[in-house]
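Read through the structure below, which is laid out as structure tokens, and then see the notes.
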Amino acid sequence: MSRLPRMDDARLRPAAPADAGTIAAIYSESIRAGGSTMELTPLGAAAIRARMDAFTDREGYLLLDAGGRTAGFGVITRYSTRAGYRYAAETAVYLRHDATGRGLGTRLQRALLDRCRRWGYHHLVAKIWATNTASIRLHAKLGYEVVGTQREIGYAGGRWQDVVIMQYVMPDDETP
């Protein structure tokens, strides 16, 4: 049995191309479990690597290593390719299922907020399944606010799914 990750020994680091397989394994675990992504088919390392290769200089994965392995990852992607949205990004966090409930998701999301601030983002968006109340609570605790629910926006798990849209506006931000 592997040691369960703890928050006090967790280390954050940017992902490297060699981490694509680890990211794919964690993400695929969430895909198979349902309830957190509209991606329906598990992904391999090559698919994650292709996403990494397509990132701009203000997008990327952040890994959280704990207990001798990668416990989860966060990702920052631009909200849109349209120039007017250049200060908006989407964030997401995925943890191994045995790493939840230990504060690791909070630590990872805080790190994403810090990185978004450094990268010059002003507005962040999180799209969360309405049934994923733990993620909604985590985001609310960090200052995200619910701006709406998209009813029956996705079809997964044999039924229509609602998605809660949450936003975070950087405080005391100056207009660029």
Side-chain angles (χ1 to χ4, degrees), residues 2-15 22-23 25-40 42-43 59-67 69-79 87-119 121-173:
S2 63
R3 195 173 118 219
L4 294 176
R6 294 187 344 239
M7 190 167 81
D8 58 346
D9 69 351
R11 183 176 68 89
L12 293 157
R13 65 181 175 87
T22 299
I23 293 167
I26 294 168
Y27 192 44
S28 292
E29 181 182 50
S30 289
I31 293 168
R32 285 189 293 277
S36 62
T37 178
M38 289 295 172
E39 197 99 51
L40 302 178
L43 302 178
E59 295 176 291
Y61 290 104
L62 188 63
L63 300 185
L64 184 91
D65 295 330
R69 65 182 179 150
T70 300
F73 71 89
V75 61
I76 300 166
T77 55
R78 59 188 165 168
Y79 178 78
Y87 299 109
E90 181 179 345
T91 64
V93 167
Y94 293 91
L95 295 175
R96 291 184 188 276
H97 286 265
D98 66 353
T100 61
R102 293 172 181 79
L104 298 171
T106 300
R107 182 159 178 197
L108 192 46
Q109 186 62 47
R110 280 191 176 126
L112 291 178
L113 287 170
D114 289 342
R115 178 155 293 193
C116 286
R117 188 173 293 108
R118 286 194 315 271
W119 281 351
Y121 287 112
H122 172 71
H123 184 108
L124 307 179
V125 174
K127 296 184 272 188
I128 305 167
W129 283 35
T131 56
N132 192 345
T133 56
S135 185
I136 293 168
R137 279 193 312 271
L138 178 149
H139 283 81
K141 175 175 70 173
L142 295 177
Y144 280 76
E145 61 183 339
V146 173
V147 293
T149 300
Q150 294 177 297
R151 303 273 178 225
E152 300 181 4
I153 184 92
Y155 192 83
R159 65 186 194 92
W160 290 106
Q161 302 293 338
D162 297 344
V163 170
V164 172
I165 306 298
M166 299 185 79
Q167 71 179 12
Y168 181 92
V169 178
M170 293 289 180
D172 303 316
D173 189 56

Report yes if some heavy atom in the side chain of [X] is under 4.5 Å from a heavy atom in the side chain of [Y]; otherwise report no.
X	Y	result
E29	P42	no
I23	L63	yes
C116	M170	yes
L142	Y168	no
I76	E59	no
Y79	Y121	no
R96	L104	no

Nearest-0.5 Å distance, [atom1] of residue [X] to [atom2] of residue [Y]:
X	Y	atom1	atom2	value
T77	Y61	OG1	OH	9.0 Å
L113	H139	CG	NE2	8.0 Å
M38	I31	CE	CD1	12.5 Å
Y27	T37	OH	OG1	3.0 Å

Notebook entry, point to check: Are K127 and E90 close enough for a salt bridge, meaning some N to O gap below 4.0 Å?
Noted result: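 Yes, charged N to carboxylate O under 4.0 Å.
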
Do the side chain of [X] and the main chain of [Y] share a donor and acceptor less than 3.5 angstrom apart?
X	Y	value
T100	H97	yes
E152	W160	no
R32	S30	no

Next item on the list: Classify the side-chain pair T91/Y144 by whether it contains a donor and acceptor separated by less than 3.5 Å.
Entry: yes

So which atom in [X] and which in [Y] form the shortest heavy-atom distance, rounded to 0.1 Å?
X	Y	result
G105	L95	N-CD1, 3.6 Å
A156	L40	CB-CD2, 3.6 Å
A130	I136	O-CD1, 3.8 Å
G158	Y155	O-OH, 3.0 Å

For [X], what residues pass the side chain to side chain contact (heavy atoms under 4.5 Å, CB included) criterion, not counting sequence neighbours?
X	result
T133	R137
L12	L62, L64, R107, L108, A111
Q167	H123, E145, V147, V169

